[in-house]
Amino acid sequence: MRLRNAVLVLSLALLAACAATSPAAPTARAQTPADTTRRPVASAPSEEVAKYRPVFAQPTAASPVAPAAAPRPAAPATKAAPAPTSHVTAQVEQRLRDQAFTNQNVKYASGFRVRAYLGLERDQVMNIRRQIISRYPDETDYITFKQPVYRLYIGDYLNKLDAARGLARVRQFVPRAELEPMQVLLNKVP
């Protein structure tokens with residue numbers, strides 16, 4: 001009981017301190033409404049810009065090139081662009097071979113998979129998998145089980161455009177399918 005009374009007295013003191021620091025009464029200036037009417041904007045002086053517009057002559061059927069209505073200024077002389085070369089030196093060739101060898105050892109890359117199922121029922125995930133694989137046998141499927149949840153992923157897509165196409169195919173079986181970014185398998189060899 002004493003604790004309750006002490007809390008009430010303390011809160012009463014805090015309330016009084018807050019009331020003492022209240023903002024001052026509004027002044028007469030604050031009571032007048034602000035002027036919100038739109039004032040007319042002075043229009044910019046009109047300037048004749050027709051002299052800056054290009055003029056093109058209408059081509060005639062008899063002559064493929066029509067004479068210009070106004071004389072054109074002479075085009076400045078331009079430098080001839082250097083001819084491209086495709087010389088591959090021995091050093092560049094070696095670097096290309098090294099990079100190709102390194103790329104052969106890469107097994108995974110960042111990409112996308114379609115999550116077709118996320119739930120608790122094994123029979124349902126297997127039914128969805130059978131439907132998709134029977135229709136699209138080239139698609140790779142991955143079923144993961146992290147107790148108690150089953151997940152069914154379809155495909156290994158390296159870019160989002162291919163993944164969106166795969167998602168559109170899967171959505172006819174599973175309307176709630178979604179794309180998920182993850183590491184995907186490259187160079188699938190059976």
Hydrophobic cluster membership, Tyr117 vs Phe173, 4.5 Å side-chain cutoff
yes
Could you see if Ile132 belongs to whatever hydrophobic cluster contains Tyr153? Use Ile, Leu, Val, Met, Phe, Trp, Tyr and a side-chain cutoff under 4.5 Å.
no
If only side-chain N and O atoms count, and only distance matters, is there a donor-acceptor pair under 3.5 Å linking Gln131 with Asn127?
no
Side-chain contact, heavy-atom cut-off 4.5 Å: Glu93 with Thr89?
no
Between Arg95 and Asp98 (salt bridge meaning N to carboxylate O under 4.0 Å), is one present in this structure?
no
same_hphob_cluster(Leu161, Val170) at 4.5 Å side-chain heavy-atom cutoff:
no
Got a donor-acceptor contact below 3.5 angstrom from the Tyr136 side chain to the Thr140 backbone?
no
Would you say the side-chain atoms of Gln124 pair up with the backbone N or O of Glu121, donor to acceptor, closer than 3.5 Å?
no
What about Tyr52 and Val55, same hydrophobic cluster or not, with Ile/Leu/Val/Met/Phe/Trp/Tyr joined at side-chain heavy-atom distances under 4.5 Å?
no
Calculate, to the nearest 0.5 Å, the distance between atoms CD1 and CG belonging to Ile128 and Asp141 respectively.
12.0 Å
Between Ala177 and Val114 the two heavy atoms that sit nearest each other are CB-CG1, 4.1 Å
Side chains of Met182 and Phe112: does their closest heavy-atom pair fall under 4.5 Å?
no
Quick one, Arg135 and Gln172 - any side-chain contact, counting heavy atoms below 4.5 Å?
yes
Within a strict 4.5 Å, meaning less than it, do heavy atoms of the Tyr142 and Arg113 side chains meet?
yes
Heavy-atom pair with the smallest gap, counting every atom of Ile154 and Ala116:
CG1-CB, 4.1 Å
Nearest-0.5 Å distance, CG of residue Leu158 to CG of residue Leu185
10.0 Å
Is there a path of hydrophobic side-chain contacts, each under 4.5 Å between heavy atoms of I, L, V, M, F, W or Y residues, that connects Tyr150 with Leu152?
yes
Can you find a pair of side-chain heavy atoms, one from Arg171 and one from Arg176, that are under 4.5 Å apart?
no
Please check if atom CD in Gln91 has more than 12 non-hydrogen atoms from other residues, nucleotides or ligands closer than 6.0 Å.
no
When you compare the side chain of Tyr108 with that of Leu186, does any pair of heavy atoms fall below 4.5 Å?
no
How about Ile143 and Met126: do any of their side-chain heavy atoms sit closer than 4.5 Å?
yes
Thinking salt bridges, do Glu180 and Arg115 make one under a 4.0 Å N-O criterion?
yes
Are the side chains of Arg129 and Val125 in contact, using a 4.5 Å heavy-atom criterion?
no
